[in-house]
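One structure is given here, and the rest of the page talks about it.
When a residue number appears, it is its place in the shown sequence, counting from 1.
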Amino acid sequence: MSERAFSTQLNRKVTATELHFLFQSGILTDIHKFYCLDPACRVPLTAKAVNSSKIPAYFAISHRDSPHISTCFETGITEQKIRFNLKKERKNKSTFTV
């Protein structure tokens with residue numbers, strides 16, 4: 001989960017707090033036109049919860065198989081925990097025997 005991303009539609013950095021307004025006003029129209037701001041990472045991002053009045057908008061990785069790089073400065077602690085749990089889950093599956 002990220003709080004900031006680069007918008008290819010606007011050709012500039014966008015914050016998660018701006019998303020609701022930008023989508024509601026029609027300035028942004030495609031939730032998939034974002035990528036990570038970390039120059040070493042640049043993972044594709046998707047804007048989430050842009051039409052929700054209950055959940056704050058945020059950016060999530062577009063593809064589960066393409067996470068942020070481990071040293072990405074844009075990832076939050078939540079995403080780092082998810083990444084750790086996925087690695088742990090994969091390890092447990094690979095060591096599972098019948």
Side-chain angles (χ1 to χ4, degrees):
M1 197 159 58
S2 300
E3 294 294 319
R4 307 177 311 161
F6 186 84
S7 166
T8 58
Q9 281 186 296
L10 298 178
N11 200 32
R12 71 170 177 87
K13 177 183 77 170
V14 175
T15 65
T17 54
E18 294 178 89
L19 284 177
H20 183 74
F21 169 77
L22 293 171
F23 276 95
Q24 292 301 313
S25 61
I27 295 169
L28 289 176
T29 56
D30 191 334
I31 62 170
H32 302 289
K33 300 278 185 173
F34 301 93
Y35 64 84
C36 180
L37 287 172
D38 187 326
C41 185
R42 298 287 194 218
V43 67
L45 299 173
T46 300
K48 299 285 191 170
V50 295
N51 294 317
S52 176
S53 59
K54 296 179 181 181
I55 302 169
Y58 63 96
F59 298 100
I61 55 173
S62 296
H63 306 285
R64 185 177 179 157
D65 295 336
S66 300
H68 289 276
I69 61 172
S70 61
T71 58
C72 179
F73 64 78
E74 288 294 325
T75 58
I77 192 69
T78 304
E79 186 161 328
Q80 291 172 5
K81 284 181 181 179
I82 291 168
R83 187 181 301 130
F84 174 78
N85 289 336
L86 284 173
K87 285 181 183 178
K88 187 177 175 182
E89 182 182 305
R90 288 179 183 149
K91 182 180 177 185
N92 288 341
K93 283 183 180 179
S94 66
T95 60
F96 181 76
T97 57
V98 178

Is a donor from one side chain sitting under 3.5 angstrom from an acceptor on the other, for T29 and Q9? yes
Indicate yes or no: does E18 engage K13 in a salt bridge with an N to O separation below 4.0 Å. no
Name the atoms and distances for all side-chain donor-acceptor pairs under 3.5 Å in residues 35-47, with sequence neighbours left out.
| residue | atom | partner | partner atom | Å |
| --- | --- | --- | --- | --- |
| D38 | OD1 | A40 | N | 2.9 |
| D38 | OD2 | F73 | N | 3.0 |
| R42 | NH1 | C36 | O | 3.2 |
| R42 | NH1 | L37 | O | 3.4 |
| T46 | OG1 | H32 | ND1 | 3.3 |
| T46 | OG1 | S62 | OG | 2.9 |

For the residue pair Y58 and A60, what are the closest heavy atoms and their distance? CE1-CB, 4.0 Å
To the nearest 0.5 Å, what is the distance between NZ (K48) and CD1 (I61)? 9.5 Å
Rounded distance (nearest 0.5 Å) linking atom OG of S7 with atom CZ of R12: 7.5 Å
Does the ring pair (Phe, Tyr, Trp, His ring centres under 6.0 Å) test come out yes or no for F6 and F34, once each step is laid out? CA-CA 5 Å; F6 186 84; F34 301 93; 9.2 Å; no
Quick check against the 3.5 Å criterion: does T15 have a side-chain atom that pairs as donor or acceptor with the backbone of R4? no
Just verifying a value: how many Å separate L19 CG and F59 CZ, rounded to the nearest 0.5 Å? 4.0 Å
Pairwise side-chain contact, V50 with L22, heavy-atom cut-off 4.5 Å (strictly under): no
To the nearest 0.5 Å, what is the distance between CD1 on I31 and CZ on F23? 7.0 Å
Non-neighbouring partners of N51 that pass side-chain hydrogen bond (donor to acceptor under 3.5 Å, both in side chains), sequence neighbours left out: Q24
